[in-house]
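Hydrogens, waters and symmetry mates play no part in the numbers below; they use all other heavy atoms, side chains included. We count residues from 1, following the sequence as given.
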Amino acid sequence: MNDLSARLEELRGGAPACRHNARTIAALTSNPGCSRRAVLDAAAVDKAAVAQGLGFPAQFGQSQFAITRGNAFEAMVKANGCAELVALLRDRLGLTIPEVAYDDLNSVGENTGNNVRYQRTRQLVGRALKTGEGTMFDHPMLRLEIAGAPAFLEPDLVAVQIEGQFHIVEIKAFSVIDGQADPAQVAAAARQSAVYVRALRDMVEELGGTPDRVSHNVILVCTKDFTNRPTAEMVDVRKQLAVITRQLSRLTSIKDLIEIMPAGMTFALGEDLGKAVEAVPGRYAPECMQSCELAFFCRNESRACGSVDMLGRGVCDDLGGIDSIGMVLALADGSMPAGPEHADIARVLRFAHQLRQEVAG
């Protein structure tokens with residue numbers, strides 16, 4: 001174990017490592033500038049337990065009803081060796097799939113161990129690369145390096161080889177109504193799918209193939225209109241892939257961030273937990289409420305210091321580096337003179353302030 005790995009383990013304070021999955025890895029992309037999340041995730045700290053210990057428990061997650069509905073929809077789409085899925089890909093997307101070899105990778109024999117399933121997936125992907133045969137994998141086991149440690153990923157999807165390329169198929173139970181779906185849900189599915197694309201590309205490269213053998217276009221299967229029937233669309237995840245790659249690279253070079261913490265300080269639950277969390281700079285944004293267990297703590301912290309971060313990244317960008325709500329209000333009402341770097345922004349703020357006074361008056 002190297003020094004970095006030892007320090008990351010020490011940061012957990014004796015607690016077991018929190019296992020990563022595609023959702024947690026995809027969540028890294030929702031706030032790439034947050035050093036606090038980068039350190040906690042690199043050390044595999046249980047952020048839900050930390051939030052509970054700080055007195056700001058996480059309040060998000062899937063309902064049991066949504067999970068049950070999703071599992072039922074996935075089972076229907078995959079029934080009879082994914083026969084309905086194959087028909088859907090042929091008819092809806094016009095893909096040429098003359099024949100399909102279906103492999104169920106939920107277990108190998110009666111062995112459900114991660115390593116065994118990963119090796120079997122690797123074997124089948126290698127064979128498909130050599131033969132070029134159309135192959136569909138149900139619940140393949142993939143692997144991705146997170147800060148130097150392997151994280152096993154069990155997709156609730158299949159990987160299909162179509163015309164020489166592997167395609168990730170993500171099955172979600174939210175609806176596409178009149179060709180439109182909830183943008184937030186589509187974006188979340190795209191981020192999660194990009195994690196699988198990255199993991200499968202790593203496997204293909206290890207087997208001697210090129211990354212482009214795994215398509216950047218993923219196939220998103222959802223319910224159609226107000227029925228339980230499936231529909232499919234292609235989604236380009238190149239942008240999400242770029243962000244995930246950048247974040248994973250940052251996690252593997254986490255040493256500089258860890259060095260800002262005092263020696264011996266850990267995220268162990270106890271009276272010093274707050275000091276440890278506050279020692280690493282956070283970057284709160286409203287979007288964190290949907291993806292990070294520490295969102296309530298960081299929001300409270302931003303409120304206390306009057307940070308503009310709590311107003312959202314769009315507002316922060318418009319304010320051009322002004323980081324204090326107090327300064328924004330002072331520039332708006334003219335009680336603070338604007339320097340040359342903030343002159344244009346101050347004019348806009350004063351104009352908005354005047355409009356507000358006219359409307360209120």
Side-chain angles (χ1 to χ4, degrees), residues 2-13 15 17-18 20 23-54 56 58 144-149 151 191 195 240 242-269 272-317 319 321-325:
N2 58 38
D3 293 342
L4 177 58
S5 297
R7 180 58 176 141
L8 290 174
E9 186 172 338
E10 181 187 10
L11 286 175
R12 292 198 299 273
C18 187
H20 283 287
R23 286 183 183 275
T24 63
I25 297 170
L28 293 173
T29 68
S30 63
N31 195 354
C34 183
S35 298
R36 181 174 295 164
R37 172 144 199 167
V39 170
L40 290 167
D41 282 333
V45 173
D46 186 344
K47 294 190 297 297
V50 169
Q52 184 76 38
L54 292 169
F56 293 89
L144 199 59
E145 293 289 320
I146 306 296
R191 287 193 298 268
V195 174
Q240 292 82 359
V243 176
I244 286 171
T245 299
R246 185 167 63 250
Q247 275 298 87
L248 292 179
S249 173
R250 185 181 181 206
L251 287 178
T252 57
S253 57
I254 205 75
K255 185 177 179 181
D256 292 341
L257 290 175
I258 291 176
E259 286 180 349
I260 68 177
M261 296 187 66
M265 182 172 280
T266 74
F267 295 110
L269 302 182
D272 292 330
L273 178 60
K275 293 180 182 179
V277 173
E278 291 171 356
V280 187
R283 187 195 179 197
Y284 173 76
E287 295 87 347
C288 297
M289 302 297 287
Q290 304 298 321
S291 61
C292 184
E293 294 85 346
L294 288 173
F296 284 91
F297 173 81
C298 295
R299 183 180 67 175
N300 185 70
E301 183 182 55
S302 291
R303 281 176 175 170
C305 66
S307 171
V308 298
D309 287 343
M310 62 183 299
L311 302 178
R313 293 193 198 107
V315 175
C316 292
D317 292 341
L319 291 174
I322 301 173
D323 57 7
S324 166
I325 292 177

Closest non-hydrogen atom pair between Ala51 and Ala58, with its separation: CB-N, 4.2 Å

Any side-chain heavy-atom pair of Glu278 and Phe297 under 4.5 Å: yes

Check: Gln240 main-chain N/O paired with Arg191 side-chain donor or acceptor under 3.5 Å: no

Nearest heavy atoms of Val45 and Phe267, plus distance in Å: CG2-CD1, 4.0 Å

Non-hydrogen atoms of Met265 and Ala279 that approach each other most closely: SD-CB, 4.1 Å

Side-chain touch Leu248/Glu145, heavy atoms, less than 4.5 angstrom: no

Pairwise side-chain contact, Leu294 with Leu54, heavy-atom cut-off 4.5 Å (strictly under): yes

Heavy-atom closest pair, residues Gly282 and Cys34: CA-SG, 3.9 Å

Check: Arg36 side chain, Val277 main-chain N or O, donor-acceptor pair, under 3.5 Å: yes

Check: His20 and Asp41 side chains under 4.5 Å, non-hydrogen atoms: yes

Gap separating the CG atom of Leu269 from the OG1 atom of Thr266, nearest 0.5 angstrom: 9.0 Å

Heavy-atom closest pair, residues Arg283 and Cys288: O-SG, 4.2 Å

Inter-residue atom distance Cys298.SG - Arg303.CZ, 0.5 Å rounding: 12.5 Å

Sub-4.5 Å side-chain heavy-atom contact between Met261 and Leu11: yes

Interatomic distance, Ile258 atom CD1 to Glu10 atom CD [nearest 0.5 angstrom]: 10.0 Å

Any Met289 side-chain heavy atom under 4.5 Å of Tyr284 side chain: yes

